[in-house]
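The structure appears right after this line, and notes come after that.
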Amino acid sequence: MNGTRIGAGMNEEAVSKRAEWVAEIAAIRDHADQAAFAAVFRHFAPRVKAFLMKSGASPDMAEECTQDVMATLWRKAGLFDPAKASVSTWIFTIARNRQIDMIRKQRRPEPEELDWGPEPEPDQDDAIALQQETEQLGAALQALPEKQRILIERAYFGDLSHSEIAEETGLPLGTIKSRIRLALERLRHQMR
Amino acid sequence: MTTQIKHHLTDALLMGYAAGTLPEGFSLVVATHVSLCDDCRARLAEYEALGGEVMMDAGEAELTDGSLEATLALIAGMPAAAPVRKAARTAGIFPAPLRDYVGGDKDAVRWRRVGGGVRQMVLKTDGASTVRLLHIPAGVAVPDHGHSGTELTLVLQGAFRDETARFGVGDIEVANDDLEHTPVAEPGEDCICLAATDAPLRFNGLLPRIAQRFVGI
Ligand SMILES: [Zn+2]
């Protein structure tokens, strides 16, 4: 498996930044490294808070929830697997779940965990490839025409209901999905 | 099992679930299907990655003074034990998220009769959606009904057919308000489904309508 494949126009600096975040989460997990945590916090906490406010939370509520998200990140660092999600994806799922619990006070049914079998260490090549693919996805999102990008953002901020997403034919989901399809198909084969 | 699934979640449902904006009853059906379907599990991972990138582009809000210190204090006050992954299901037909709502597997369901041999159990969720288990005897039809919203039906045992297709274990039917259909359980095995609606069903015909008032389906 070729983990060094770099897509056209890939921003190598952004990819190495993502690899740094992976290393920082590992330092939190293995050494309770407060400096690594502070670096992750400085980068992600303002973005988590902005996301929560755009999703309708008051500034106070968003601050409280953001601190909870970052504390959850510390506690769950051992569950992070860089071959299955990038750090930005993982933090998004934590923020989404804490938002549903703390702000909307709803219950979130989660899929059953897969039985991963004996796979002690995540595959290094897969981890690198997934960080690259996620960077490509982010670049693809930014490159969309503004109208389409805003529609996608509104869906994630909770401004579009399920039926509105279904009716919205302008969502360019196919093009975006194809960017990470390959990496995820590789993952899926491993999961079997 | 996965290779037999023919009817999958729509992009809109996966995106809504990844965003965390679906009504709870829909989320339960999505989580249950994803538990059974590697295809949709991988598609969900794509939509979660997209959500992560939307979050990264959402700008930066100013944190309150001492936000990092307050978070470190939160961490210091947390229990030391590391969270562990839940064990995968070893037996039964209900995936873990559904078992959590029922309080067990098929044997734990508290069925109530709704007429025509059909039984149901309504699961407790927020008010924005209704989700229930349906037990339809082999060969029996669910009363003819249309929808004023979206109805999701996920097969957990047996199979049913309606005017559109055949749905076996793991298959999900996503029916919109333009579909009037009569699902019929296949002969041979009783059919158990998980069904969610975001609006009350309206049954066609006087008797089912009266029954609806009494049994709440
Ligand atoms: Zn599926």
Side-chain angles (χ1 to χ4, degrees), chain A residues 34 38 41 45-51 53-54 62-63 66-68 70-71 74-76 78-79 85-86 88-89 91-93 95-97 99-100 106-115 134 137-138 141-142 152-153 155-156 158 162-163 165-166 173 176-177 180 184-185 187-188 191-192, chain B residues 10-13 15-16 18-24 26-28 31-32 34-35 38-39 41-46 48-64 67-68 70-72 74-75 78 82-83 85-89 95-97 100-101 125-126 149-150 198:
Chain A
Q34 291 209 359
F41 187 95
R47 289 172 166 85
V48 169
K49 185 172 177 180
F51 177 79
M53 286 170 64
K54 287 190 174 175
E63 173 73 31
T66 297
Q67 292 182 13
D68 193 279
M70 299 312 287
W74 175 289
R75 196 164 56 87
K76 292 195 168 175
L79 297 182
S86 75
S88 54
T89 306
I91 294 178
F92 165 72
T93 60
R96 173 199 65 199
N97 291 357
Q99 174 195 32
I100 291 170
Q106 283 174 342
R107 193 170 162 187
R108 164 87 177 176
E110 288 282 349
E112 189 164 277
E113 297 281 353
L114 287 179
D115 186 2
T134 312
L137 176 68
L141 178 64
Q142 284 178 340
I152 288 180
E153 289 171 356
Y156 283 91
H162 153 257
S163 48
I165 297 174
L173 298 175
I176 282 201
K177 282 193 305 187
I180 54 169
L184 286 157
E185 281 184 352
L187 283 181
R188 192 142 39 96
M191 279 155 37
R192 287 205 170 128
Chain B
T10 61
D11 284 320
L13 283 166
M15 194 182 205
T21 58
L22 292 183
E24 184 184 343
F26 279 20
S27 289
L28 177 59
T32 304
V34 168
S35 299
D38 286 352
D39 278 314
R41 191 185 289 269
R43 289 167 66 209
L44 174 61
E46 294 173 347
E48 289 182 333
L50 184 56
E53 299 319 295
V54 168
M55 186 184 78
M56 296 304 281
D57 288 344
E60 298 182 48
E62 198 179 336
L63 302 173
T64 55
S67 186
L68 173 60
T71 305
L72 289 169
L74 259 183
I75 290 167
M78 289 187 313
R85 290 187 190 280
K86 279 190 199 165
R89 171 173 49 118
D100 288 347
Y101 276 76
T125 56
D126 65 29
T150 301
D198 57 0

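Labels below follow one simple rule: chain letters A, B, ... track the order of the sequence lines, proteins then strands, and each chain is numbered from 1. Given the structure is predicted, the values throughout are model-derived calculations rather than measurements.
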*Minimal non-hydrogen separation, A:A50 against B:A58, with atom names*: CB-O, 3.6 Å
*Taking only residues two or more places apart in sequence or in another chain, which ones pass side chain to side chain donor-acceptor pair (under 3.5 Å) with B:T71?*
none
*Report yes if the side chains of B:T64 and A:K49 come closer than 4.5 Å at any heavy-atom pair, otherwise no.*
yes
*asked:* Which one wins on heavy-atom pair count under 4.5 Å against chain B: A:A95, A:P46, A:A45?
replied: A:P46
*So which heavy atom on B:T21 is nearest to which on A:A155, and how close?*
CG2-O, 4.1 Å
*Pairwise distance CZ(A:R108) to CG(B:L22) - rounded to 0.5 angstrom*: 8.0 Å
_Please find the pair of heavy atoms, one from A:P109 and one from B:A31, that lie closest to each other, and give the distance._
O-CB, 3.6 Å
*Should A:R107 and B:L28 count as side-chain neighbours, where that means a heavy-atom distance under 4.5 Å?*
no
_Within this structure, what is the CD-CD1 distance for the pair A:Q34 and B:I75, rounded to the nearest 0.5 Å?_
7.5 Å
_Contacts of A:S86 that satisfy side chain to side chain donor-acceptor pair (under 3.5 Å) - sequence neighbours left out_ = A:S88, A:T89
*Can you name the nearest heavy-atom pair linking A:A38 to B:L68, along with the distance?*
CB-CD2, 3.8 Å
*Is it the backbone or the side chain of A:M53 that comes under 4.5 Å from a heavy atom of chain B, or both, or neither?*
side chain
*For the atom pair CD (A:Q67) and OG (B:S67), what is the distance rounded to the nearest 0.5 Å?*
4.0 Å
*Could you state the interatomic distance from CE (B:M56) to CZ (A:F92), rounded to the nearest 0.5 Å?*
12.5 Å
*Top residue by heavy-atom pair count (under 4.5 Å) with chain A, among B:D126, B:D57, B:L44?*
B:D57
*Picking from A:K54, A:E153, A:E110, A:M70, which has the most non-hydrogen pairs under 4.5 angstrom with chain B?*
A:E110
*asked:* Any non-hydrogen side-chain atom of B:L50 less than 4.5 Å from a side-chain atom of A:Y156?
replied: yes
_NE2 on A:H162 to OG1 on B:T10, rounded to 0.5 Å_ = 4.5 Å
*Under a 4.5 Å heavy-atom cut-off, does chain A meet the side chain of B:F26, its backbone, both or neither?*
side chain
*asked:* With a 4.5 Å cut-off on side-chain heavy atoms, are A:F41 and B:L63 touching?
replied: yes
_Under 4.5 Å from a heavy atom of chain B, the part of A:R96 involved_ = side chain
*Does B:M55 reach the side chain of A:V48, with side-chain heavy atoms less than 4.5 Å apart?*
yes
*asked:* Taking atom CD as the centre, does B:E60 end up with more than 12 heavy-atom neighbours from other residues, nucleotides or ligands that are less than 6.0 angstrom away?
replied: yes
_Heavy-atom pairs under 4.5 Å with chain B: which of A:A62, A:G158, A:S163, A:P111 has the most?_
A:P111
*Can you tell me how far CD of A:E63 sits from CD of B:E62, rounded to the nearest 0.5 angstrom?*
10.0 Å
